[in-house]
Amino acid sequence: MAKNDIGNNNQMNQADKSLRNHRTLRGALNNNQSYNTASGLKSNAGYSNNYMEYLVPKKNTAGTTMAKIGIIAALAIVFFITSAIIAKYVPYIIAVYLTLYIVLGWYLLRFFSVEYEYVIAAGEMEMEVIYGRRQRKKLANFKLKDVEFCAPYEEAYKNRISNPEIKKVVNACSSMSAKNLYFIIYKNEKGEKELMYFDALKKTVSILKFYTGSSTVDSDKLEF
């Protein structure tokens, strides 16, 4: 075998062993993406047994709609008041001033377009929140061997949520009323317990059970 082939194989093995390289794996699967319009879940149809990723859009509520209206109204009021003053002294910059307000409004409103990306690769799980399909922020990253418990958000398991040892709660779900809502308790890199809410798929639970065994509870309510 040629030296170049050996080097390429080593690089591929390293990519599969590290979650840091999951974006490389994502690129290879882009052609196999599928989108479930009923649920809003976007996933890769070509994921392997130990790798999967999918996006879940956060559902808008009456509160978020009112917040959007409030931001637009507040910006409009401030603009008309201040532009009246500016027009009196430097009228030639009104167009620039209006442009700045439009950009500001766009910047603020994009934080209401929220998606959660779930990635499972090489025995690790990572969650990121995406604002306006542009800005990313990591919410959680942990090894599946450090999972203490994972179950549907149902009355039978809610007693686990009130564990006083849990130091942090991460909300990475589309809605707290989602039919496929799960919670997972794990230890972070500091050894502290954290709890995260997320939207589960059958494949998600299958992979989690593979790594965690009986610590993950299955559910017959998962439709796909």
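When reading the values below, keep in mind they use all heavy atoms of this one structure, side chains included, and skip hydrogens, waters and symmetry mates.
Under the 3.5 Å distance criterion, with hydrogens and angles disregarded, a donor-acceptor pair is assigned to the side chains of Tyr51 and Glu53. Side-chain N/O atoms of Tyr211 and Thr216 include no donor and acceptor closer than 3.5 Å.
A distance of 11.5 Å separates CD in Glu192 from CD in Glu165, rounded to the nearest 0.5 Å. Interatomic distance, CE of Met52 versus NZ of Lys203, reported as 7.5 Å (0.5 Å rounding). Atom CD in Glu194 sits 11.5 Å away from atom CD1 in Ile185 (nearest 0.5 Å). From Asp199, atom CG reaches atom CG of Leu55 across 11.5 Å, with rounding to the nearest 0.5 Å. A distance of 7.0 Å separates NZ in Lys209 from OG1 in Thr212, rounded to the nearest 0.5 Å. The structure places CG of Asp218 at 8.5 Å from OG of Ser206, a figure rounded to the nearest 0.5 Å.
Val169 and Phe198 sit in two unconnected hydrophobic clusters of ILVMFWY residues. Membership requires side-chain heavy atoms under 4.5 Å apart, directly or through other members. Connection of Leu195 to Met176 is established within a shared hydrophobic cluster, with ILVMFWY side chains joined at heavy-atom distances below 4.5 Å, either directly or through further cluster members. Residues Tyr54 and Met125 share a hydrophobic cluster, clusters being chains of Ile/Leu/Val/Met/Phe/Trp/Tyr side chains in contact below 4.5 Å.
Considering only residues two or more places apart in sequence or on other chains, Ser219 meets the side-chain contact (heavy atoms from CB on, under 4.5 Å) condition with Pro152, Glu154, Tyr182, Lys221, Leu222. Listed by chain and residue number, nothing satisfies the side chain to side chain donor-acceptor pair (under 3.5 Å) test with Ser215 (two or more places apart in sequence, or in another chain).
Taking all atoms of both residues into account, the shortest heavy-atom contact from Lys58 to Cys173 is NZ-O, 4.1 Å. Pairing each heavy atom of Ala151 with each of Tyr157, the nearest pair is CB-CG, 3.8 Å. Nearest approach of Phe142 to Lys187, heavy atoms of both residues: CB-O, 4.1 Å. Closest approach of Leu144 to Leu208, counting heavy atoms only: CD2-CD2, 3.6 Å. Annotation for Glu128 and Lys138: closest pair CG-CA, 4.0 Å, computed over non-hydrogen atoms.
Proximity of Met196 to Met127: side-chain heavy atoms (C-beta onward) are separated by under 4.5 Å at one or more points. Phe149 is listed as a side-chain neighbour of Val217, based on a closest heavy-atom distance under 4.5 Å. Looking at heavy atoms from C-beta onward, Ile161 lies in side-chain contact with Tyr153 at the 4.5 angstrom threshold. Residues Ile184 and Val147 are in side-chain contact: their nearest non-hydrogen atoms beyond the backbone lie under 4.5 Å apart. Counting heavy atoms from C-beta on, the side chains of Leu139 and Tyr116 come closer than 4.5 Å.
Within the 3.5 Å criterion, the main-chain N or O of Asn159 finds a donor-acceptor partner in the side chain of Ser162. Not one N or O on the side chain of Asn141 forms a donor-acceptor pair closer than 3.5 Å with the backbone of Glu126. Put simply, the side chain of Tyr118 never gets that close to the backbone of Thr204: no donor and acceptor are under 3.5 Å apart.
The local environment of CD in Glu189 is sparse, with at most 12 non-hydrogen atoms from other residues, nucleotides or ligands closer than 6.0 Å. Residue Lys179 qualifies as open at atom NZ: its count of foreign heavy atoms under 6.0 Å is 12 or below. Within 6.0 Å of atom NZ in Lys193, more than 12 heavy atoms from other residues, nucleotides or ligands are found, so the atom counts as buried in its surroundings.
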Let's go through Tyr186 and Glu148 carefully: what are the C-alpha distance in whole Å and the side-chain angles of both, what is the deciding distance for side-chain hydrogen bond (donor to acceptor under 3.5 Å, both in side chains) to 0.1 Å, and is it a yes or a no? CA-CA 5 Å; Tyr186 57 91; Glu148 180 181 287; over 6 Å; no
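Salt bridge Arg136/Glu117: present, at least one basic N to carboxylate O contact under 4.0 Å.
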